[in-house]
Amino acid sequence: MASAVASASTMLCLSLQNPTKTLHFSIKTHSFHFLKPQLPAFRRYSTGVTPISPLRGISCNCSSTNTTHYEFSDGSSEVELRLQLGGQDVLSAKDIFVDADGTSLTVKVQQAGSIITLIDTNSLFEKIKPAETIWYIDDDQLVISLKKQDPNLKWPDIMESWESLSAGSMQLLKGTSIYIVGDSTEINQKVARELAVALGYTPLVTKELLETFAKQTVDSWVVAEGSDSVAEAESAILESLSSHVRAVVATLGGSHGAAARTDKWRHLYSGFSIWLSQTEATDEDSAKEEARRHIEDGNVGYTNADVVVKLQGWDADHAKSVAQASLSALKRLILSDKKLPGKKSLYIRLGCRGDWPNIKPPGWDPSNAADAAPPATLPN
């Protein structure tokens, strides 16, 4: 693989044939820093603090509800979840079952011989320390305190969702722009617009900028002058956009654009690049294996992009689902190395010389390979 960033890229596989499907992904490490407010003072509660009790061997009729109301707050080292018990006729802590592990949380209450699910998710906003989870009953509320694995990470909500990712990613990105690259110009544009709206970023489309400049469509331009001419022009546009912050840039897809050429990535490295790729794989494991083969084969998008998102099929109505998957993957990439946004900023300040991710000191001449020197480092 061409670079450290490429090798650490998050690969996320999404099936648009079932837009409500749980998203699965894997990354290597997690670490990030945020300032946090203090938790509000606890109110009077009816039982002592009770250690977490995993659900094991429960035999009963089970039902679930999707109407559970909750209150959420983020503290210095833990998050607090308050679930309403009103109307559930819960008599004591023996009627409550809590199971927490990693990024999953299940809360059930027993009532008249049946089990009612108050919350059941495997998509907590980030990882917790399950052994340090505590819960208690406070009047008509069940209060659950979850210890964060990363005490410095601010949680916008208890679960990872489109809303919490939109709110949390703005602080994670620190203004770094995003470039949507991939096989399809249409998909790039639709997903970029969703991301721009969610993040409050400026949406930019290189296809529109090219056609305004050339006063002709990209297709007619390719016929008249060839795809290399179009890619060269898009590369010039990317150079002018590389110093912009808080922008989501949709690039040309397929073989016509700059992203399809190894020597045109110099300015794409200035932001976080997301490669969107359709796949015929039928499951997540085969999709990941397909992506690994592309990386080993030296496919430009897979080796150079910060994040790869693979999807089955395409429907414009599901662009937000792809955008959510992209934010989820970006979040995990940045949490794996909290210096990445600062490193992108340094790369821009030094002139986008093509030395990503091993940034060379000031004065390095990219045209002279003999000038190669140890990479510059960011201050702590």
**Message:** What I'd like to find out is whether the side chain of Leu146 reaches to under 4.5 Å of the side chain of Ile128, using heavy atoms alone.
**Reply:** yes
Identify every side-chain donor-acceptor pair in residues 239-252 under 3.5 Å, counting partners at least two apart or on other chains, and give the distances.
| unit_1 | atom_1 | unit_2 | atom_2 | d |
| --- | --- | --- | --- | --- |
| Ser240 | OG | Ile237 | O | 2.6 |
| Ser242 | OG | Glu239 | O | 2.7 |
| His244 | ND1 | Ser240 | O | 3.4 |
| Thr251 | OG1 | Ile180 | O | 2.9 |

**Item:** Ion pair check, Lys264 and Glu234, cut-off under 4.0 Å
**Value:** no
**Message:** If I compare all heavy atoms of Leu195 with all of Ala323, which pair ends up nearest, and what's the gap?
**Reply:** CD2-O, 3.6 Å
**Prompt:** With side chains defined as the heavy atoms from C-beta onward, is the minimum distance between Ile137 and Ile96 less than 4.5 Å?
**Reply:** yes
**Gap separating the CG atom of Leu83 from the NE2 atom of His69, nearest 0.5 angstrom** = 11.5 Å
**Prompt:** Does a donor on one side chain sit under 3.5 Å from an acceptor on the other, for Tyr70 and Asp157?
**Reply:** yes
**Message:** Check for me, please, whether Leu346 and Leu340 land in the same ILVMFWY cluster - side-chain distances under 4.5 Å, paths through other members count.
**Reply:** yes
**Request:** Would you check, one step at a time, whether the test side chain to side chain contact (heavy atoms under 4.5 Å, CB included) holds for Val181 with Leu276?
**Result:** CA-CA 6 Å; Val181 294; Leu276 304 179; over 6 Å; no
**Asked** Which of these passes side chain to side chain contact (heavy atoms under 4.5 Å, CB included) with Trp275: Val307, Asp183, Val309, Asn188?
**Response** Asp183
**Asked** Does Thr117 use its side chain to pair, donor to acceptor, with the backbone of Asp120 at less than 3.5 Å?
**Response** no
**Asked** Going by an N to O cut-off under 4.0 Å, is there a salt bridge joining Glu160 and Lys331?
**Response** yes
**Asked** How would you list, by chain and number, every residue that makes a side chain to side chain contact (heavy atoms under 4.5 Å, CB included) with Ala198, sequence neighbours excluded?
**Response** Trp162, Ser166
**Message:** Looking at Ser164 and Met159, would you say the former's side chain and the latter's main chain have a donor-acceptor pair under 3.5 Å?
**Reply:** yes
**Request:** Indicate yes or no: at least one non-hydrogen side-chain atom of Leu85 is less than 4.5 angstrom from one of Leu118.
**Result:** yes
**Asked** At their closest point, which heavy atom of Leu124 faces which heavy atom of Gly102, and how far apart are they?
**Response** CD1-O, 4.1 Å
**Message:** Starting from Val205, can I reach Leu210 by hopping between I/L/V/M/F/W/Y residues whose side chains sit under 4.5 Å apart?
**Reply:** no
**Request:** For side chain to side chain contact (heavy atoms under 4.5 Å, CB included), just list the numbers for Gln110 and Phe97, CA-CA rounded to whole Å, side-chain angles, deciding distance to a tenth of an Å, and then say yes or no.
**Result:** CA-CA 8 Å; Gln110 182 169 315; Phe97 308 92; 3.6 Å; yes
**Message:** Quick one, Val79 with Leu81, criterion side chain to side chain contact (heavy atoms under 4.5 Å, CB included). Give me CA distance, side-chain angles, the key distance, then yes/no.
**Reply:** CA-CA 7 Å; Val79 292; Leu81 180 67; over 6 Å; no
**Item:** Main-chain N/O of Gly271 paired with Ser177 side-chain donor or acceptor, under 3.5 Å
**Value:** no
**Request:** Provide the closest heavy-atom pair for Leu335 versus Glu126 in the form atom of the first, atom of the second, distance.
**Result:** CD1-OE2, 3.6 Å
**Message:** Minimum heavy-atom separation for Ala260 and Ser255, please, with both atom names.
**Reply:** CB-CA, 4.1 Å
**Message:** My understanding is that only residues two or more places apart in sequence, or in another chain, count here; which of them pass side chain to side chain contact (heavy atoms under 4.5 Å, CB included) with Ser104?
**Reply:** Asp101, Asn122
**Prompt:** Honestly curious: do Leu173 and Ile348 fall in one hydrophobic cluster under the side-chain, below-4.5 Å linking rule?
**Reply:** no
**Asked** Using 4.0 Å as the upper bound for N to carboxylate O, is an ion pair formed by Lys343 and Asp337?
**Response** no
**Message:** Determine whether a donor-acceptor pair (N or O, by modelled atom type, separation under 3.5 Å) exists between the side chain of Asp150 and the backbone of Asn152.
**Reply:** yes
**Asked** Hey, is the main chain of Gly354 close enough, under 3.5 Å, to the side chain of Tyr347 for a donor-acceptor pair?
**Response** yes
**Request:** Mind telling me whether Phe72 and Trp155 have parallel, tilted or perpendicular rings, with 30° and 60° as the class edges?
**Result:** parallel
**Request:** Indicate if Val230 and Val223 have the same hydrophobic cluster label, given that clusters are the connected sets of ILVMFWY residues with side-chain heavy-atom separations under 4.5 angstrom.
**Result:** no
**Request:** Return yes if a side-chain donor-acceptor contact under 3.5 Å exists between Ser367 and Asp365, otherwise no.
**Result:** yes
**Salt bridge present between Lys310 and Glu290 (N-O < 4.0 angstrom)** = yes
**salt bridge (Lys or Arg N to Asp or Glu O under 4.0 Å) pairs, two or more places apart, involving residues 188-197** = Arg193-Glu208
**Request:** Grab the two heavy atoms, one from Val218 and one from Glu211, that are nearest each other, plus how far apart they are.
**Result:** N-OE2, 3.0 Å
**Prompt:** Does Lys148 pair with Asp74 as a salt bridge, N-O distance under 4.0 Å?
**Reply:** yes
**Request:** Report the C-alpha separation of Trp364 and Ile359 in whole Å, then their side-chain angles, then the decisive distance to 0.1 Å, and conclude whether the side chain to side chain contact (heavy atoms under 4.5 Å, CB included) test is met.
**Result:** CA-CA 9 Å; Trp364 177 75; Ile359 302 175; over 6 Å; no
**Request:** Assess the side chains of Ser345 and Arg349: does a donor N or O sit below 3.5 Å from an acceptor N or O?
**Result:** yes
**Prompt:** What pair of heavy atoms forms the shortest contact from Val308 to Tyr302, and how long is it?
**Reply:** CG1-CE2, 3.6 Å
**Prompt:** Hey, are Arg261 and Asp263 close enough for a salt bridge, meaning a charged N less than 4.0 Å from a carboxylate O?
**Reply:** no
**Message:** The criterion is side chain to side chain contact (heavy atoms under 4.5 Å, CB included); which residues satisfy it with Ala214, sequence neighbours excluded?
**Reply:** Gln216, Trp221
**Message:** I'd like to know if Lys344 pairs up with Asp306 as an ion pair, taking the criterion as any Lys NZ or Arg NE/NH1/NH2 lying under 4.0 Å from an Asp or Glu carboxylate oxygen.
**Reply:** yes
**Message:** Is there a side-chain contact between Phe125 and Pro156 in this structure, where contact means two heavy atoms from C-beta onward sitting under 4.5 Å apart?
**Reply:** yes
**Prompt:** Residues two or more places apart in sequence or in another chain: which of them pass side chain to side chain contact (heavy atoms under 4.5 Å, CB included) with Thr262?
**Reply:** Val300
**Request:** Spell out, as yes or no, whether a donor-acceptor pair under 3.5 Å connects the side chain of Ser235 to the backbone of Ala231.
**Result:** no
**Prompt:** Ignoring hydrogens and geometry, is there a side-chain-to-backbone donor-acceptor pair from Asp355 to Lys360 under 3.5 Å?
**Reply:** yes
**Prompt:** How many angstroms lie between CG in Asp219 and OG in Ser227, if you round to the nearest 0.5 Å?
**Reply:** 11.5 Å
**Prompt:** When hydrophobic residues are tied together by side-chain contacts of less than 4.5 Å, even through go-betweens, does Phe272 share a cluster with Val197?
**Reply:** no
**Request:** Answer yes or no: is there a side-chain heavy-atom contact under 4.5 Å between Asp99 and Leu105?
**Result:** no
**Message:** A side-chain contact here means heavy atoms from C-beta on lying under 4.5 Å apart; do Trp265 and Thr303 qualify?
**Reply:** no
**Complete:** To the nearest 0.5 Å, atom CD of Gln189 lies from atom OG of Ser184 at 8.5 Å
**Request:** May I ask you to test the Ile187-Gln278 pair for a side-chain heavy-atom distance under 4.5 Å?
**Result:** yes
**Prompt:** Is there a side-chain contact between Tyr179 and Ser270 (heavy atoms, below 4.5 Å)?
**Reply:** yes
**Prompt:** How about Tyr136 and Ser145: does a side-chain donor come under 3.5 Å of a side-chain acceptor?
**Reply:** no
**Item:** Reported CD-to-CD distance for the pair Glu232 and Glu225, which is rounded to 0.5 angstrom
**Value:** 12.0 Å
**Request:** Using atom types as modelled and distance alone, determine if a side-chain donor or acceptor of Ser169 lies under 3.5 Å from a backbone N or O of Leu165.
**Result:** yes
